[in-house]
Amino acid sequence: MPELPEVESIRCQLEPLITGKTIIKGHSFPSKKFSQAKLASGFHVQTVKRRGKYLLINLDKELGGKIKLKELIIHLGMTGSVSIAKEKTDDPYVRAQWQLNDGQILLFRDIRRFGRIAVVNPNDYKSLPTLNNIGPEPFDPNLTAASFHKSLSSSRSHIKTKLLSQRIIAGLGNIYADESLWRSHISPVARRIGKDRSESLLISIREVLSEAIKNGGTTFRDYRTPDGLTGKNQHNLDCYGRAGKACNKCSSILKNRIVGQRSTTWCPQCQIS
DNA sequence: ACTGTAACCTGCAGGC
DNA sequence: TGCCTGCAGGTTACAG
């Protein structure tokens with residue numbers, strides 16, 4: 001599914017399309033994962049933000065002279081995408097849709113249904129445990145090499161598992177975790193790493209993510225931005241998806257194994273524990 | 001509290 | 001061509 005760069009690309013495109021619009025009515029596919037879509041009915045879109053891989057849409061509505069605030073949360077799962085349509089669709093994979101006051105429809109499409117919709121009080125994320133316990137944004141200036149190293153040291157699991165957990169740093173998924181570890185010469189099954197290597201990993205994460213954002217995200221299968229276009233970052237990957245091919249640094253053959261239930265590619269020569 | 005694992009879904013590519 | 005198997009970018013509930 002979309003990781004931070006893909007969600008950020010979507011957020012950028014979506015923001016000017018729906019900011020200031022009113023949601024007349026929300027509908028959803030009959031599943032608990034999407035049924036809260038209708039709770040956004042009658043609200044007005046203030047802003048479109050992102051936290052990790054979550055899209056956060058701030059909503060407000062006037063009720064009896066008072067302003068009521070809500071937050072519409074969209075998580076795209078593995079195969080989710082959002083788009084704007086002019087007319088109703090019979091696409092069977094649309095899991096939620098919101099009729100806007102300008103006649104357009106905001107669609108959430110998700111083939112595998114790993115995505116999720118929630119409407120909550122602002123900043124009340126207890127129904128979404130991962131978001132509720134999410135770590136700092138990768139580009140947060142308060143995230144330093146020292147604080148990153150301290151968070152990494154608090155757990156004994158594989159470093160790749162820690163990166164995917166969202167609790168130490170927000171927004172990394174399987175692609176960018178493998179890319180960042182490759183770039184910083186760290187084995188995905190390392191458990192403890194020193195201060196210098198933590199700093200090098202943080203630098204690599206920031207580089208990998210900024211390049212991916214600049215390239216509009218990585219497209220393998222389903223990922224599309226609201227304008228229907230694909231990203232270009234798949235041409236910029238050194239590690240993910242290259243098992244059996246030569247390492248771009250040392251020419252050894254990249255290997256693949258399962259780490260933390262996820263397919264993991266790494267270079268056994270230059271990535272060390 | 002922490003860690004690891006199964007489960008949730010559907011489509012697609014590859015092997016026979 | 002058709003069937004079967006394994007695989008895919010994530011999160012959550014639950015067991016130990």
Side-chain angles (χ1 to χ4, degrees), chain A residues 1-10 28-36 50-55 73-82 91-96 108-118 125-135 151-182 188-189 191-192 205 208-209 212-213 215-225 230-244 256-265:
Chain A
M1 130 74 287
E3 306 178 39
L4 186 151
E6 292 73 37
V7 180
E8 182 58 21
S9 300
I10 290 167
S28 84
F29 176 88
S31 151
K32 224 176 170 180
K33 287 180 161 182
F34 312 112
S35 59
Q36 291 188 21
R50 179 194 58 73
R51 184 78 169 88
K53 304 171 195 171
Y54 294 82
L55 275 175
I73 301 174
I74 301 179
H75 192 287
L76 300 136
M78 298 258 249
T79 53
S81 62
V82 294
D91 182 335
Y93 301 120
V94 169
R95 308 303 184 188
F108 174 65
R109 181 176 193 268
D110 180 16
I111 292 176
R112 283 176 73 185
R113 289 194 257 153
F114 278 22
R116 177 143 181 209
I117 307 286
Y125 303 141
K126 56 183 179 295
S127 64
L128 299 145
T130 300
L131 178 58
N132 202 33
N133 296 303
I134 202 160
S151 310
L152 283 173
S153 305
S154 69
S155 145
R156 280 152 299 287
S157 41
H158 293 138
I159 189 144
K160 171 151 177 192
T161 306
K162 293 187 236 196
L163 295 181
L164 293 179
S165 77
Q166 311 300 305
R167 297 180 67 122
I168 292 177
I169 189 166
L172 290 181
N174 211 27
I175 297 176
Y176 302 117
D178 277 6
E179 289 297 309
S180 303
L181 289 166
W182 178 86
V189 294
R191 290 184 187 268
R192 293 285 179 103
I205 289 170
V208 161
L209 293 179
I213 291 169
N215 288 328
T218 299
T219 299
F220 277 114
R221 297 174 182 79
D222 314 273
Y223 168 68
R224 294 289 185 285
T225 51
T230 61
K232 296 194 299 274
N233 199 61
Q234 56 275 19
H235 308 300
N236 189 43
L237 300 179
D238 287 303
C239 184
Y240 178 87
R242 295 193 67 247
N256 188 272
R257 63 168 279 195
I258 301 295
V259 177
Q261 307 182 88
R262 312 307 304 275
S263 165
T264 298
T265 301

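Quick note on labels: first sequence line is chain A, next is B, and so on, each numbered from 1. For clarity, every value in this text was computed on a predicted model and none was experimentally measured. All values below were derived from every heavy atom in this structure, side-chain atoms included, with hydrogens, water molecules and symmetry-related copies excluded.
Nucleic acid contact class of Arg156(A) (heavy atoms, under 4.0 Å, all strands): sugar-phosphate only. Residue Thr161(A) is out of contact with every strand shown, counting any heavy-atom pair closer than 4.0 Å.
Side-chain N or O atoms of Glu179(A) include one that pairs as donor or acceptor with a backbone N or O of Cys239(A) at under 3.5 Å.
Taking only distance into account, the side chain of Arg112(A) meets the base of dC9(B) through a donor-acceptor pair shorter than 3.5 Å.
In a base pair of the Watson-Crick type (N1 to N3 plus N6-O4 or O6-N4) or a G-U wobble (N1-O2 and O6-N3), with each distance short of 3.5 Å, dT3(B) is matched with dA15(C).
A donor-acceptor contact under 3.5 angstrom links the side chains of Asn256(A) and Ser263(A), judged on distance only.
Listed pair Arg262(A) / dC7(C) fails the phosphate criterion, with no side-chain N or O lying under 4.0 Å from OP1 or OP2. Considering only side-chain N and O atoms, His75(A) lies nowhere under 4.0 angstrom from the phosphate OP1 or OP2 of dG10(C). For Gln166(A) and dT11(C), the shortest distance from a side-chain N or O to OP1 or OP2 is below 4.0 Å.
Applying the ring-ring contact (aromatic ring centres under 6.0 Å, His included) test to Phe114(A) and every residue at least two apart in sequence or in another chain returns nothing.
Rounding to whole angstrom units, CG of residue Leu164(A) and P of dG4(B) are separated by 13 Å. One interatomic measurement links the two molecules: CZ of Arg113(A) to C1' of dA7(B), which rounds to 14 Å at whole-angstrom precision.
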